[in-house]
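Step one of this worksheet: look at the structure below.
A quick note: this is a predicted structure, and the numbers were derived from the prediction, not measured.
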Amino acid sequence: MRCKEVVCGEVDVMNCLSPSILAADFMKLGEQIALTEQSGAQYLHFDVMDGCFVPNISFGMPVLASVRKGTGMMLDVHLMVKEPARFIPDVADCGADIITVHAEACTDLNATVDLIKERELLAGVALNPATPISQLSYILPKIDMVLIMTVSPGMGGQKLIPYTLDKVRDLKALIAQKGLKTDIEVDGGINFKTLDKVLEAGANIIVAGSAIFSGDIEENTKRMLEMMK
């Protein structure tokens, strides 16, 4: 599969940028996605919110299917929903490359990850800021990516919570201890001032929303990618 040919974890210390369309102008969504792709972004972050697991509602399958038709980037789908297993078949059918679910939202995390793997997609698990990484110790060898939320999920424009950097460091050490190549994604409050901090902590997939889509999208994307080298 295309996603497995370019997944960051299979390349030694390759950093990837995943612009979050939650911060885009939806009147110009296709145009703005194209600008990030043309400027070198490898992933596209797609937040699905249900109004239950998080207080807001975002977008769903019709938008995802439409975006899939217009981009060759990796579609990085983050399900901020209760019992995400219900949505995995539809998300897969709409063209996701990576599906990330919250450990806190799953009654049976192992079975939920299996559903993603059955579709031959990359499986990610997200942890809220206060959720310890110990929850993933046993399932870590089975997943492709861990998403460390560096803010509370569900709202854009928040400031990065400092202690989440320690979580990234601890996760990086655990991955090394187990001899794995699991990607570490961070999401929330990532901008040109905080980028170096999350990279130094060990993250290699960077979700950025306002930092990319506020102002000159091409310039912001290229600048962030340059900083990530």
Side-chain angles (χ1 to χ4, degrees), residues 2-3 6-8 15-81 84 87-102 116 119 121-122 124 126 145 147 149-158 185-192 195 205-228:
R2 178 179 58 84
C3 59
V6 298
V7 61
C8 295
N15 295 326
C16 295
L17 177 62
S18 188
S20 173
I21 65 168
L22 193 63
D25 181 346
F26 275 75
M27 287 291 289
K28 304 176 181 178
L29 184 58
E31 173 189 333
Q32 293 191 345
I33 289 172
L35 288 173
T36 66
E37 184 170 16
Q38 293 162 13
S39 302
Q42 305 99 324
Y43 284 28
L44 192 67
H45 196 75
F46 194 96
D47 286 312
V48 178
M49 304 180 188
D50 65 354
C52 296
F53 181 67
V54 293
N56 285 336
I57 295 173
S58 58
F59 32 71
M61 311 311 157
V63 177
L64 177 59
S66 296
V67 169
R68 175 75 288 169
K69 294 175 184 177
T71 181
M73 286 190 285
M74 295 274 287
L75 289 191
D76 173 19
V77 180
H78 176 195
L79 296 180
M80 287 184 270
V81 302
F87 299 101
I88 287 169
D90 287 340
V91 173
D93 288 343
C94 287
D97 294 300
I98 308 170
I99 299 178
T100 298
V101 299
H102 272 263
I116 301 171
R119 298 303 294 262
L121 300 176
L122 299 176
M145 182 176 78
L147 168 53
M149 292 300 302
T150 44
V151 299
S152 297
M155 295 284 290
Q158 300 180 66
E185 184 173 59
V186 286
D187 181 4
I190 312 299
N191 53 46
F192 297 108
L195 177 59
I205 301 182
I206 308 300
V207 177
S210 300
I212 296 297
F213 290 104
S214 295
D216 189 319
I217 294 170
E218 290 182 279
E219 181 181 331
N220 291 340
T221 302
K222 291 176 181 177
R223 180 184 173 192
M224 189 159 283
L225 286 166
E226 184 63 28
M227 292 177 65
M228 291 167 59

**Prompt:** So, does S20 use its side chain to make a donor-acceptor pair with the main chain of V207 at under 3.5 Å?
**Reply:** no
**Message:** Keeping N220 on the side-chain end and A211 on the backbone end, is there a donor-acceptor pair under 3.5 Å?
**Reply:** yes
**Request:** Apply the test salt bridge (Lys or Arg N to Asp or Glu O under 4.0 Å) to residues D93 and R68: give CA-CA distance (whole Å), side-chain angles for both, the deciding distance (0.1 Å), then the verdict.
**Result:** CA-CA 10 Å; D93 288 343; R68 175 75 288 169; over 6 Å; no
**Prompt:** Are H78 and F46 close enough that their ring centers fall under 6.0 Å?
**Reply:** no
**Within residues 17-41 or reaching into it, pairs that qualify as ring-ring contact (aromatic ring centres under 6.0 Å, His included) - sequence neighbours excluded** = F26-F59
Can you give me the closest heavy-atom contact between [X] and [Y], atom names plus distance?
{"X": "F213", "Y": "P19", "answer": "CE1-CB, 3.9 Å"}
{"X": "L121", "Y": "D97", "answer": "CB-O, 3.8 Å"}
{"X": "F87", "Y": "M61", "answer": "CD2-CE, 4.0 Å"}
{"X": "I206", "Y": "M228", "answer": "CG1-CE, 3.8 Å"}
{"X": "A208", "Y": "L17", "answer": "CB-CD1, 4.3 Å"}

**Member of I116, V91, V101, D50 meeting the side-chain contact (heavy atoms from CB on, under 4.5 Å) criterion with P84** = V101
Min side-chain heavy-atom separation [X]-[Y] under 4.5 Å:
{"X": "Y43", "Y": "I205", "answer": "yes"}
{"X": "L35", "Y": "T221", "answer": "no"}
{"X": "I21", "Y": "L29", "answer": "yes"}
{"X": "M73", "Y": "I33", "answer": "yes"}

**Message:** We want to know whether S58 and D47 form a side-chain donor-acceptor pair, criterion being a heavy-atom distance below 3.5 angstrom.
**Reply:** no
**Request:** Dump the intermediate steps for side chain to side chain contact (heavy atoms under 4.5 Å, CB included) on T150 and Q158, then the final yes or no.
**Result:** CA-CA 9 Å; T150 44; Q158 300 180 66; over 6 Å; no
**side chain to side chain contact (heavy atoms under 4.5 Å, CB included) between V77 and L79, intermediate numbers included** = CA-CA 6 Å; V77 180; L79 296 180; 3.9 Å; yes
**Prompt:** Under the side chain to side chain donor-acceptor pair (under 3.5 Å) rule, what pairs show up with a residue in residues 31-41, not counting sequence neighbours?
**Reply:** E37-T71
With rounding to the nearest 0.5 Å, note down the distance linking [atom1] in [X] to [atom2] in [Y].
{"X": "L195", "Y": "I190", "atom1": "CG", "atom2": "CD1", "answer": "7.5 Å"}
{"X": "I98", "Y": "D76", "atom1": "CD1", "atom2": "CG", "answer": "4.5 Å"}
{"X": "T100", "Y": "M149", "atom1": "OG1", "atom2": "CE", "answer": "11.0 Å"}
{"X": "M145", "Y": "I99", "atom1": "CE", "atom2": "CD1", "answer": "11.0 Å"}
{"X": "M74", "Y": "C16", "atom1": "CE", "atom2": "SG", "answer": "8.0 Å"}

**Request:** Quick one: do I212 and I217 satisfy side chain to side chain contact (heavy atoms under 4.5 Å, CB included)? Show the steps, please.
**Result:** CA-CA 6 Å; I212 296 297; I217 294 170; 4.2 Å; yes
